[in-house]
Amino acid sequence: MVDQNVLDAFQMMWGQFPEPVMLLHKSRTILAVNDVARTAGVPLGVKCSSLNPANEGDHHCRQCKASQALRARTPVVETSQIGERHVKGYWIPLRDFEDVYVHFGVTITEDIKAALSEAKTA
């Protein structure tokens with residue numbers, strides 16, 4: 001689906017990122033993962049939606065913005081709440097590879113708590 005140079009570049013850029021990161025095909029098949037995702041047990045070759053237990057019905061993540069990002073050929077960022085956690089999710093199409101994108105989320109719960117605390121003291 002993608003050549004070794006792309007996989008190597010993914011590992012060079014995202015390998016040590018402190019949150020799970022996936023390289024995906026537009027079919028939502030996981031092509032590569034970074035160290036954190038690998039340690040967490042994220043498998044290669046499966047649909048990313050299979051990792052979300054909330055998707056038992058139609059196997060589609062309602063919060064997924066991959067189609068939007070791939071269609072527009074521009075990154076999409078969206079903040080969502082998962083239980084008590086606030087997560088900023090990113091879907092980033094690869095330049096020169098129209099069917100491949102990077103997806104990850106960054107937990108921002110502590111940032112929100114700090115901002116709320118600061119607002120209360122201001």
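Side chains are part of it too, since the values below use all heavy atoms of this structure and drop only hydrogens, waters and symmetry mates.
For His25, there are no ring pair (Phe, Tyr, Trp, His ring centres under 6.0 Å) partners at least two apart in sequence or on another chain. Arg73 meets the side chain to side chain contact (heavy atoms under 4.5 Å, CB included) test with Leu70, Pro93, Glu98; sequence neighbours excluded. Leu44 is linked by a side chain to side chain contact (heavy atoms under 4.5 Å, CB included) to Ile30, Val33, counting only residues two or more places apart in sequence or in another chain. For Glu110, the salt bridge (charged side-chain N to carboxylate O under 4.0 Å, His left out) partners at least two apart in sequence or on another chain are Lys113. Looking at residues two or more places apart in sequence or on another chain, you find no side-chain hydrogen bond (donor to acceptor under 3.5 Å, both in side chains) involving Thr74. Under the rule for a side chain to side chain contact (heavy atoms under 4.5 Å, CB included), the partners of Val36 that lie at least two apart in sequence or sit in another chain are Pro20, Asn34. Qualifying side chain to side chain contact (heavy atoms under 4.5 Å, CB included) partners for Asp3, counting only residues two or more places apart in sequence or in other chains: Asn5, Val6, Phe97. Remark: Phe104 pairs with Trp14, Phe17, Tyr90 by the ring pair (Phe, Tyr, Trp, His ring centres under 6.0 Å) rule, at least two apart or across chains. With sequence neighbours left out, the side-chain hydrogen bond (donor to acceptor under 3.5 Å, both in side chains) criterion links Arg38 to Asp35. In terms of the salt bridge (charged side-chain N to carboxylate O under 4.0 Å, His left out) criterion, residue partners of Glu78 (sequence neighbours excluded) are, by chain and number, Lys65. For Lys88, there are no salt bridge (charged side-chain N to carboxylate O under 4.0 Å, His left out) partners at least two apart in sequence or on another chain. Under the salt bridge (charged side-chain N to carboxylate O under 4.0 Å, His left out) criterion, Asp8 pairs with no residue, sequence neighbours left out.
Between the side chain of Gln11 and the backbone N or O of Met13, no donor-acceptor pair lies under 3.5 Å.
Side-chain contact between His103 and Val21 is absent, with no heavy-atom pair separated by less than 4.5 Å. Residues Glu84 and Thr109 are not in side-chain contact: their nearest non-hydrogen atoms beyond the backbone lie 4.5 Å or more apart. Residues Glu19 and Val87 are not in side-chain contact: their nearest non-hydrogen atoms beyond the backbone lie 4.5 Å or more apart. Residues Pro75 and Val102 have side chains not in contact (no heavy-atom distance under 4.5 Å, counting atoms from C-beta outward). Side-chain contact between Arg28 and Cys61 is absent, with no heavy-atom pair separated by less than 4.5 Å. Here the side chains of Cys64 and Trp91 are in contact, with some heavy-atom distance below 4.5 Å.
Note: Leu24 CG to Leu94 CG = 10.5 Å, rounded to the nearest 0.5 Å. Rounding to the nearest 0.5 Å places CZ of Arg71 at 11.5 Å from NZ of Lys26.
In summary, the side chains of Thr29 and Ser27 do present a donor paired with an acceptor at a separation below 3.5 Å, with no hydrogens or angles considered.
Residue Glu118 places its CD atom among 12 or fewer non-hydrogen atoms of other residues, nucleotides or ligands, all under 6.0 Å distant.
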